[in-house]
Amino acid sequence: MIMPIANIAIIGAGTMGQGITQLCAQYGYTTWLYDVQDGAAEKTRQRIVQALDKRVTKGRMTPEDADAALARVSVANSLVELAEADLVVEAIVENIAIKRTLFAELEGLCRADVLLCTNTSSLSVGEIAAELHTPQRFAGLHFFNPPTAMKLVEVVSTDATTKTTLQTLHDFARSLGKTPVAVSDSPGFIVNRCARPFYGEALWLLEHGAASVATIDACLKSGGGFPLGPFELIDLVGLDINLRATETVWRAFDRHPRFRPSPLVADKVAADELGRKGGVGFYRYDDGHDEDPFPLAPAGVTSVEEVIAHLPDDLAQRCRVSDGRTAAELAAGRGQAVIVFDTLLRPWPNDRSATLAFASHGLDAIAHERLVEAAAAQGVRLIEVADRPGLIVLRVAAMLVNEARFALDEGIASADDMDTAMRLGLNFALGPWEILKRLGVERIRTTLGRAAEEDTSGRYAQPTS
Ligand code: NAI
């Protein structure tokens with residue numbers, strides 16, 4: 001039986017508590033907000049007033065609906081006032097001892113059928129629940145920031161969580177206009193784990209001098225349909241937060257080399273270069289890095305094969321789209337120069353110019369210049385990068401797919417839910433399984449296999465299945 005939910009208690013009136021409270025109130029739930037700090041919940045209620053006002057000003061909500069939503073938000077001055085809640089969402093400090101103490105207290109106060117949820121992003125849901133008498137009604141309900149806008153909710157189950165609890169939470173998330181995905185308790189759940197290679201592999205390429213920050217970002221945006229490049233995203237989220245998330249997942253997986261935190265991020269954090277919030281990260285934000293110094297016409301082509309077809313014959317016959325092998329490997333025994341182009345995960349939109357990485361072996365300077373010019377005439381900016389397996393897009397994609405394969409093997413979520421989570425949680429154009437479908441398993445295997453020959457740390461290990 002699905003449990004009826006009407007009254008929600010939100011504990012912790014910080015960034016997430018504020019958003020979750022506003023969201024629930026907007027969708028018709030009676031909400032009670034509690035914070036351990038005196039006056040904090042009331043301050044947050046005032047911020048919700050301002051946020052609702054803004055929605056009204058922007059025409060996204062009627063004044064009547066905003067008033068009605070606000071009337072559904074009450075401040076609780078003690079935990080005892082939350083005794084009648086149907087559902088508790090905890091969004092307090094990320095500390096397991098404090099969370100455990102809170103839930104032990106709530107168990108004693110609340111009704112026997114209350115559902116207890118944590119919004120933790122990095123702690124084990126099972127460990128938070130370990131000392132509860134009724135862990136069957138406990139789960140993770142992981143909203144993304146800002147909860148009012150982000151469509152995804154990860155519903156995290158432990159071995160003890162009942163089907164009824166999970167079904168109720170999925171329905172609850174849907175009632176808030178969200179898309180829930182099912183994930184079993186495991187480090188980083190889906191998004192925070194499966195996104196690690198997006199940053200990690202880009203950092204590895206940078207660390208090994210394969211390409212610059214701007215090139216890696218430009219290629220992934222253009223060829224991968226990622227709305228932001230990995231370095232732009234790290235700068236946006238904050239290097240300190242990115243580092244903490246990486247270290248947490250790395251430690252949770254017994255320091256597996258595929259999650260190894262990059263010293264480049266640690267060095268920048270030590271130098272207080274934390275990203276956008278401080279004005280400097282991988283980019284500087286005081287001189288408008290967004291401007292393109294060499295604008296090209298919109299691409300007249302949508303695929304790498306078309307670029308090759310429009311090249312002069314003597315160049316075209318040396319070109320290949322990457323299958324994971326390097327230009328040097330392909331050139332061996334051929335006696336002529338080889339050019340390898342990076343892969344696209346989806347066709348280029350033809351209303352803007354495109355950026356494409358290539359590597360070459362044995363190409364002379366004149367041929368190089370002719371190649372770049374012939375592509376520029378098609379609206380495609382070619383950037384030469386180090387001749388490494390998978391170049392940029394294929395390589396990062398291969399690692400994203402690989403992590404999803406590990407996660408599927410471990411049974412933490414379905415392939416469909418992983419795709420949904422990566423699209424909605426990170427605004428990726430494609431989830432890892434959709435990427436695999438586009439690229440084919442052979443190219444992924446070859447890229448990882450060749451990368452493993454270069455880097456023998458175990459970073460490029462593949463699941464056995
Ligand atoms: P925050 O630091 O903005 O707010 C935490 C609030 O909890 C503070 O107001 C604090 O006074 C209060 N608090 C601390 N101990 C308490 C207790 N024992 N009882 C009641 N209130 C208490 O934190 P934020 O960013 O809102 O994160 C909250 C939770 O949500 C954490 O578990 C975090 O991992 C998770 N989360 C955070 C996201 C983010 O982007 N900030 C995204 C998704 C999850």
Side-chain angles (χ1 to χ4, degrees), residues 9-24 31-48 51 75-82 85 88-110 116-125 127-129 138-156 173 176 178 180-181 183 185 187-193 195 233-234 236-249 252 274-277 421 424-427:
I10 291 114
I11 306 187
T15 309
M16 295 306 285
Q18 176 183 333
I20 297 166
T21 304
Q22 184 186 328
L23 175 72
C24 293
T31 59
W32 292 86
L33 180 60
Y34 170 78
D35 197 285
V36 74
Q37 269 184 59
D38 270 352
E42 184 49 47
K43 267 195 207 137
T44 297
R45 191 175 178 278
Q46 288 312 316
R47 278 192 226 110
I48 294 174
V75 164
N77 293 308
S78 70
L79 285 181
V80 182
E81 291 175 47
L82 310 177
V88 175
V89 182
E90 166 274 310
I92 68 167
V93 60
E94 190 75 330
N95 175 305
I96 191 151
I98 300 178
K99 287 191 197 273
R100 275 182 168 182
T101 307
L102 172 72
F103 281 112
E105 211 174 323
L106 286 169
E107 229 184 5
L109 282 173
C110 293
L116 299 174
C117 300
T118 176
N119 186 48
T120 183
S121 21
S122 63
L123 299 173
S124 156
V125 175
E127 280 175 31
I128 297 173
F138 189 88
L141 197 61
H142 187 221
F143 288 87
F144 287 73
N145 191 15
T148 45
M150 296 298 284
K151 288 284 171 220
L152 183 68
V153 175
E154 290 179 321
V155 180
V156 187
L176 298 173
K178 304 295 175 198
V181 292
V183 47
D185 189 24
F189 312 134
I190 301 175
V191 174
N192 280 343
R193 169 187 177 170
L233 198 49
I234 296 174
L236 184 68
V237 171
L239 277 83
D240 49 341
I241 295 186
N242 177 275
L243 181 62
R244 213 181 314 135
T246 306
E247 285 178 344
T248 303
V249 173
L274 302 182
R276 264 180 194 268
K277 59 188 167 190
L424 299 184
L426 291 158
N427 295 324

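One-based numbering, in listed order, for ligands and for the atoms of each.
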Peer 1: I need the nearest protein heavy-atom contact for atom 35 (C) of ligand 1: residue, atom name and distance, please.
Peer 2: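 Of every protein heavy atom, N119 O, 3.3 Å lies nearest to atom 35 (C) of ligand 1.
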
Peer 1: Do the side chain of K151 and the main chain of P180 share a donor and acceptor less than 3.5 angstrom apart?
Peer 2: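 No, because the side chain of K151 does not come within donor-acceptor range (under 3.5 Å) of the backbone of P180.
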
Peer 1: Does atom 40 (O) of ligand 1 have any protein heavy atom closer than 4.0 Å?
Peer 2: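 Yes, there is a protein heavy atom closer to it than 4.0 Å.
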
Peer 1: How close does the nearest protein non-hydrogen atom get to atom 15 (N) of ligand 1, and which residue and atom is it?
Peer 2: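 Its nearest protein heavy-atom neighbour is V93 CG1, 3.7 Å.
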
Peer 1: Does any non-hydrogen side-chain atom of I98 lie less than 4.5 Å from one of V36?
Peer 2: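 V36 vs I98: side chains apart.
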
Peer 1: Looking only at protein heavy atoms, which one is nearest to atom 4 (O) of ligand 1, and what is the separation?
Peer 2: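 Minimum-distance protein heavy atom for atom 4 (O) of ligand 1 reads G14 CA, 3.2 Å.
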
Peer 1: Would you please test T120 and I96 for side-chain contact (heavy atoms from CB on, under 4.5 Å) and show each step?
Peer 2: CA-CA 9 Å; T120 183; I96 191 151; over 6 Å; no

Peer 1: I need the atoms of ligand 1 closer than 4.0 Å to a non-hydrogen atom of N145, numbered in the order shown.
Peer 2: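 Reading through ligand 1 atom by atom, the close ones are 40 (O).
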
Peer 1: What are the two closest non-hydrogen atoms of K178 and T148, and how far apart are they?
Peer 2: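 The answer is NZ-O, 3.5 Å.
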
Peer 1: What is the closest protein heavy atom to atom 3 (O) of ligand 1, and at what distance does it sit?
Peer 2: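 Nearest protein contact, heavy atoms only, for atom 3 (O) of ligand 1 is T15 N, 3.0 Å.
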
Peer 1: Between A85 and V88, which heavy-atom pair has the shortest distance, and what is it?
Peer 2: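 Scanning both residues, the minimum pair turns out to be CB-CG2, 4.3 Å.
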
Peer 1: What atoms of ligand 1 come within less than 4.0 Å of a heavy atom belonging to F143?
Peer 2: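 Numbered from 1, ligand 1 contributes 43 (C).
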
Peer 1: Return the closest protein heavy atom for atom 5 (C) of ligand 1 as residue, atom name and distance.
Peer 2: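 Looking only at protein heavy atoms, the one closest to atom 5 (C) of ligand 1 is A91 O, 3.9 Å.
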
Peer 1: Give the residue and atom name of whichever protein heavy atom lies nearest to atom 29 (C) of ligand 1, and the separation in Å to one decimal.
Peer 2: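 That would be I92 O, 3.3 Å.
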
Peer 1: Quick test: of every protein heavy atom, which one is nearest to atom 20 (C) of ligand 1, and how far off is it to 0.1 Å?
Peer 2: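 Nearest protein contact, heavy atoms only, for atom 20 (C) of ligand 1 is V36 N, 3.3 Å.
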
Peer 1: What pair of heavy atoms forms the shortest contact from T31 to C24, and how long is it?
Peer 2: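 Residues T31 and C24, closest heavy atoms: CG2-CB, 3.5 Å.
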
Peer 1: Is any side-chain heavy atom of Q18 less than 4.5 Å from a side-chain heavy atom of I48?
Peer 2: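 Heavy-atom side-chain distance check passes, below 4.5 Å.
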
Peer 1: Indicate yes or no: at least one non-hydrogen side-chain atom of T44 is less than 4.5 angstrom from one of V75.
Peer 2: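 No; the side chains remain at least 4.5 Å from each other.
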
Peer 1: Considering both backbone and side-chain atoms of E90, is one of its nitrogen or oxygen atoms within less than 3.5 Å of a nitrogen or oxygen in ligand 1?
Peer 2: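 So ligand 1 has no N or O lying under 3.5 Å from an N or O of E90.
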
Peer 1: Output yes when a protein non-hydrogen atom is found under 4.0 Å of atom 32 (O) of ligand 1, and no otherwise.
Peer 2: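 At least one protein heavy atom is under 4.0 Å away.
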
Peer 1: If the cut-off is 4.0 Å to any non-hydrogen atom of G12, which atoms of ligand 1 fall inside it?
Peer 2: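 Close to G12: 7 (O), 21 (N).
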
Peer 1: When you compare the side chain of V125 with that of F189, does any pair of heavy atoms fall below 4.5 Å?
Peer 2: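 Of all side-chain heavy-atom pairs linking V125 with F189, at least one is under 4.5 Å.
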
Peer 1: Less than 4.5 Å apart, side chain to side chain, heavy atoms only: is that true for E154 and N119?
Peer 2: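 Sidechains of N119 and E154: no contact.
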
Peer 1: Between A40 and ligand 1, find which residue part has any heavy-atom pair under 4.0 Å and reply side chain, backbone, both or neither.
Peer 2: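 Neither; nothing of A40 gets under 4.0 Å from ligand 1.
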
Peer 1: Identify which of E94, M16, K43 has a heavy atom lying nearest to atom 42 (C) of ligand 1.
Peer 2: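 When every heavy atom of E94, M16, K43 is considered, M16 comes closest to atom 42 (C) of ligand 1.
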
Peer 1: Using a heavy-atom cut-off of under 4.0 Å, does the side chain or the backbone of T118 touch ligand 1, or both, or neither?
Peer 2: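 For T118, no heavy atom sits under 4.0 Å from ligand 1.
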
Peer 1: Out of all atoms in ligand 1, which are within 4.0 Å of some heavy atom of K99? Include the element for each.
Peer 2: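 By the 4.0 Å cutoff, the relevant atoms are 31 (C), 32 (O).
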
Peer 1: For I98, counting its heavy atoms only, list the atoms of ligand 1 lying under 4.0 Å from any of them.
Peer 2: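 Listed by number with element: 18 (N).
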
Peer 1: Can you name the atoms of ligand 1, numbered from 1 with element, that are less than 4.0 Å from a heavy atom of H142?
Peer 2: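 Answer, ordered by atom number: 43 (C), 44 (C).
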
Peer 1: Among all protein heavy atoms, pick out the one at the shortest distance from atom 9 (O) of ligand 1; state its residue, atom name and that distance to 0.1 Å.
Peer 2: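 Heavy-atom neighbour on the protein nearest atom 9 (O) of ligand 1: D35 OD2, 2.6 Å.
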
Peer 1: By number and element, which atoms of ligand 1 are closer than 4.0 Å to a non-hydrogen atom of Q37?
Peer 2: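 Listed by number with element: 11 (O).
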
Peer 1: Any idea which atoms of ligand 1 are less than 4.0 Å away from a heavy-atom of T120?
Peer 2: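 So the atoms of ligand 1 that pass are 32 (O).
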
Peer 1: Using side-chain heavy atoms (C-beta onward) and a distance below 4.5 Å, is P187 in contact with R193?
Peer 2: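 P187 vs R193: side chains apart.
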
Peer 1: Taking the side chain as every heavy atom from C-beta outward, state whether I10 and Y34 have any atom pair closer than 4.5 Å.
Peer 2: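 Side chain of I10 against side chain of Y34, heavy atoms only: no contact under 4.5 Å found.
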
Peer 1: Among E127, E90, E105, which residue meets the salt bridge (Lys or Arg N to Asp or Glu O under 4.0 Å) test with K99?
Peer 2: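 The option that passes is E90.
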
